[in-house]
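Reviewing the structure listed below.
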Amino acid sequence: MVIVAGHIVIDPQQRERYLADCVGAIELARRAPGCLDFAISADLADVRRINIFERWESQTAVEAFRGSGPGDTQRAAILAASVAEYDVAGVRSLT
């Protein structure tokens with residue numbers, strides 16, 4: 001399993017538009033083979049921050065979906081980013 005997690009920083013005045021523009025990508029990702037979860041969400045404590053969380057069955061599934069990454073318009077809105085991929089060796093349910 002692969003987890004992609006982190007955050008991006010954008011101008012607070014662009015946050016709602018940026019998130020609205022992500023809806024299509026979220027829906028597409030959630031239908032992609034190997035996608036277990038995919039979320040892009042506003043941070044409740046920092047108006048400049050958007051949180052990223054993805055969970056995939058494999059690195060192959062991530063790469064098949066990812067392609068070239070965000071489009072030019074989305075890329076231009078990102079002021080900073082801290083997003084990483086994590087290979088998961090084991091899982092324990094908390095519920």
Side-chain angles (χ1 to χ4, degrees):
M1 181 184 307
V2 176
I3 302 282
V4 178
H7 70 276
I8 60 172
V9 176
I10 65 166
D11 182 320
Q13 294 177 340
Q14 294 184 26
R15 182 168 85 165
E16 292 308 314
R17 182 177 181 153
Y18 185 93
L19 291 168
D21 289 346
C22 290
V23 172
I26 294 167
E27 293 171 341
L28 187 63
R30 289 179 179 173
R31 289 191 306 267
C35 181
L36 302 171
D37 195 8
F38 195 100
I40 300 173
S41 58
D43 189 89
L44 297 177
D46 183 345
V47 296
R48 296 173 7 109
R49 181 176 163 144
I50 294 175
N51 297 312
I52 310 293
F53 179 82
E54 305 173 24
R55 193 165 52 100
W56 297 87
E57 288 179 352
S58 66
Q59 184 65 41
T60 302
V62 173
E63 291 170 3
F65 174 75
R66 183 80 53 228
S68 61
D72 291 338
T73 302
Q74 286 183 326
R75 193 172 300 129
I78 299 171
L79 302 175
S82 176
V83 181
E85 289 184 358
Y86 302 89
D87 296 314
V88 179
V91 177
R92 290 177 305 280
S93 177
L94 297 177
T95 56

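Sequential numbering from 1 along the given sequence is applied to the chain's residues.
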Exercise. Start with the C-alpha distance between V9 and H7, add both sets of side-chain angles, then the distance that settles side chain to side chain contact (heavy atoms under 4.5 Å, CB included), and finish with yes or no.
Key: CA-CA 7 Å; V9 176; H7 70 276; 4.0 Å; yes
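- Rounded to the nearest 0.5 angstrom, I10 CD1 and L19 CG are separated by 6.5 Å.
- Qualifying salt bridge (Lys or Arg N to Asp or Glu O under 4.0 Å) partners for D11, counting only residues two or more places apart in sequence or in other chains: none.
- In terms of hydrophobic clustering, with Ile, Leu, Val, Met, Phe, Trp and Tyr side chains grouped at heavy-atom distances under 4.5 Å, F53 and V88 are assigned to a common cluster.
- Counted within 6.0 Å of CZ on R49, heavy atoms from surrounding residues, nucleotides or ligands total more than 12; the atom is thus considered enclosed.
- Criterion: ILVMFWY side-chain heavy atoms under 4.5 Å apart, direct or through other members. Under it, L28 and I40 are part of a common hydrophobic cluster.
- In this structure the side chain of V2 reaches within 4.5 angstrom of the side chain of D87, judged on heavy atoms.
- Across all their heavy atoms, F38 and A25 have their closest contact at CE2-O, 4.5 Å.
- In terms of hydrophobic clustering, with Ile, Leu, Val, Met, Phe, Trp and Tyr side chains grouped at heavy-atom distances under 4.5 Å, I50 and V83 are assigned to a common cluster.
- Looking only at side-chain heavy atoms (C-beta outward), L94 and R92 stay at 4.5 Å or farther from each other.
- Taking hydrophobic clusters as Ile, Leu, Val, Met, Phe, Trp and Tyr residues chained together by side-chain heavy-atom distances below 4.5 Å, I8 shares a cluster with V4.
- Residues I3 and F65 fall into different hydrophobic clusters, defined by Ile, Leu, Val, Met, Phe, Trp and Tyr side chains chained together at heavy-atom separations under 4.5 Å.
- Residues R48 and L79 are in side-chain contact: their nearest non-hydrogen atoms beyond the backbone lie under 4.5 Å apart.
- The heavy-atom pair separating G34 from A61 by the smallest distance is CA-CB, 3.9 Å.
- Contact detail for Y18 and I78: the closest heavy-atom pair is OH-CD1, 3.8 Å.
- How far CG of D37 is from CE of M1: 10.5 Å, rounded to the nearest 0.5 Å.
- Partner L36 forms a side chain to side chain contact (heavy atoms under 4.5 Å, CB included) with one of E54, R30, E57 and no other, that one being E57.
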